[in-house]
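Here's the structure we're looking at; comments come further down.
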Amino acid sequence: MTTRAEPGNDQSDPGLNAIMSERHRLINLGYRLLGSLGDAEDVVQETYARWYAMSAREQQAIESPGAWLVTVASRICLNLLGSARARRETYVGEWIPEPLPEPTEWITGRSGVGEIDPADRVTLDESVTMAFLVVLDAMTPAERVAFVLHDVFRYPFGEVAEIVGRTPAACRQLASSARRRIRNSQTPAGPSAGQAGIVRQFKTAWEAKDIDALIGLLDPDATATADGGGLAVTHLHPILGGEQVAHAYAEISRVSGDRTTFLECTVNGLPGLVAWRDGDIATVFAFEIAGDRIRHIWAVRNPEKLRPWRIG
């Protein structure tokens with residue numbers, strides 16, 4: 001998405017360039033807070049709409065436009081997170097954050113295919129791995145906002161407090177609670193090259209329907225979660241146990257037959273797989289690997305969450 005100047009705004013205005021330069025930070029913030037690129041885009045659009053709804057005098061009275069934009073975007077995200085829990089009650093099956101491919105392979109889709117705007121890319125780091133986003137999603141809205149703003153984007157608690165509507169001390173407690181959640185969920189991970197090798201072995205065993213090999217690659221307590229959103233056929237509940245996951249995935253391979261091709265890719269900065277069927281992307285798989293075993297598989301089949309993978 002390339003945001004255009006509103007009618008009546010002079011694009012040669014150096015203040016406009018400063019405002020628009022915040023897009024990248026706002027997209028990154030919105031994605032980490034909401035786990036959805038589409039929602040992050042909507043938040044950024046709404047944030048800029050509120051900026052341009054002000055008069056020139058009101059804009060000039062704002063000492064730090066960048067800080068104003070971040071504050072507004074964060075508060076919009078906070079409100080959305082508060083209503084998301086109610087929306088999840090009607091969501092069909094499990095909800096998984098929206099997966100993202102390598103930044104060089106996608107755009108957000110609102111600027112037109114072929115036009116890659118760096119401002120619309122999400123920076124892929126440890127704060128956007130699927131495992132990390134899933135833990136963030138389990139936090140309260142205030143915990144998530146306080147943690148992401150302070151620990152990920154390095155905002156002081158005084159500024160976080162103004163955004164969240166709590167005292168700095170309360171925000172410190174929220175971030176501390178969020179950190180404990182992160183620590184309790186973390187597993188020792190091997191080097192990325194090793195993780196890619198394990199995903200490659202899983203792909204080979206899966207295509208061969210080799211259940212014994214699949215069981216050997218999966219942690220005994222492995223879990224597989226799928227998200228179809230009622231728009232694609234998938235398991236409605238997590239599959240628990242490595243052996244059960246191996247049998248379920250072997251059955252998936254049997255049913256898909258030769259019409260599906262599994263390709264190695266990068267999902268939210270880590271090795272993953274993408275399933276192509278009949279010339280279109282059907283599923284994106286993200287893996288959490290502990291040591292040399294797969295601990296969790298997330299399979300996103302909801303077509304509305306696969307938009308960035310179909311653009312390039």
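One is the number of the first residue; the rest follow in order along the sequence. Hydrogens, waters and symmetry mates are skipped; everything else that's a heavy atom, side chains included, is used.
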Identify every side-chain donor-acceptor pair in residues 213-220 under 3.5 Å, counting partners at least two apart or on other chains, and give the distances.
{"unit_1": "D219", "atom_1": "OD1", "unit_2": "D221", "atom_2": "N", "d": "2.8"}

Query raised in the report: Is the count of non-hydrogen atoms from other residues, nucleotides or ligands lying under 6.0 Å from R57 atom CZ greater than 12?
Result: no

Query raised in the report: Heavy-atom count around E94 CD within 6.0 Å, excluding the residue itself: above 12?
Result: yes

Partners of [X] by side chain to side chain contact (heavy atoms under 4.5 Å, CB included), sequence neighbours excluded?
X    : result
Q60  : A56
R179 : F147, H150, D151, F157, A175, S176, R183
L78  : P141, V145
E126 : none

**Report entry** NZ/NE/NH1/NH2 to OD/OE distance under 4.0 Å, R310 and D280
**Finding:** yes

Query raised in the report: Between R32 and S127, does any side-chain donor sit less than 3.5 Å from a side-chain acceptor?
Result: yes

Any side-chain heavy atom of [X] sitting closer than 4.5 Å to one from [Y]?
X    : Y    : result
L133 : L136 : yes
E102 : V267 : no
V284 : W309 : yes
L273 : V199 : yes
V134 : E288 : no
F202 : F287 : yes
P97  : M130 : yes

**Report entry** Contact list for residues 192-217, test salt bridge (Lys or Arg N to Asp or Glu O under 4.0 Å), sequence neighbours left out
**Finding:** R200-E264, K203-E207

Report task. Verify salt bridge (Lys or Arg N to Asp or Glu O under 4.0 Å) between E41 and R307, making sure each step is shown before the conclusion. Result -> CA-CA 13 Å; E41 291 173 333; R307 176 173 55 88; 3.2 Å; yes

Give the other cluster members for [X], using side-chain heavy-atom distances under 4.5 Å between Ile, Leu, Val, Met, Phe, Trp and Tyr residues; answer none if it is isolated.
X    : value
L270 : none
V92  : L236
W95  : Y91

If every non-hydrogen atom of [X] is compared with every non-hydrogen atom of [Y], which pair is closest and at what distance?
X    : Y    : result
G35  : R144 : N-NH2, 3.6 Å
E98  : G38  : OE1-N, 3.6 Å
V245 : A222 : CG2-O, 4.0 Å

Main-chain N/O of [Y] paired to [X] side chain as donor or acceptor, under 3.5 Å:
X    : Y    : answer
S83  : L80  : yes
E143 : T140 : yes
N28  : H24  : yes
T266 : G269 : no
K305 : G228 : no
D227 : N302 : no

Query raised in the report: How would you list all residue pairs meeting ring-ring contact (aromatic ring centres under 6.0 Å, His included) that involve residues 219-245, not counting sequence neighbours?
Result: none

Enumerate donor-acceptor pairs with a distance under 3.5 Å from any side-chain N or O in residues 66-74 to protein atoms, sequence neighbours excluded.
{"unit_1": "T71", "atom_1": "OG1", "unit_2": "A67", "atom_2": "O", "d": "2.9"}
{"unit_1": "S74", "atom_1": "OG", "unit_2": "V70", "atom_2": "O", "d": "2.8"}

Report summary line: OG1 (T260) and CH2 (W206) are apart, to the nearest 0.5 Å, by 8.5 Å

Query raised in the report: What's the spacing between R23 CZ and Q45 CD if we round to 0.5 Å?
Result: 9.0 Å

Report task. With salt bridge (Lys or Arg N to Asp or Glu O under 4.0 Å) as the test, would you mind laying out the steps for D278 and R259 before giving the verdict? Result -> CA-CA 6 Å; D278 298 331; R259 294 171 58 197; 2.4 Å; yes

Query - side chain to side chain contact (heavy atoms under 4.5 Å, CB included) partner of Y155, chosen from I163, V160, V148 - result: V160

Report task. Applying salt bridge (Lys or Arg N to Asp or Glu O under 4.0 Å), name anything that partners R25, two or more places apart in sequence or on another chain. Result -> E22

Query raised in the report: Taking the six-membered ring for Trp, is the centroid-to-centroid distance between F285 and W298 below 6.0 Å?
Result: no

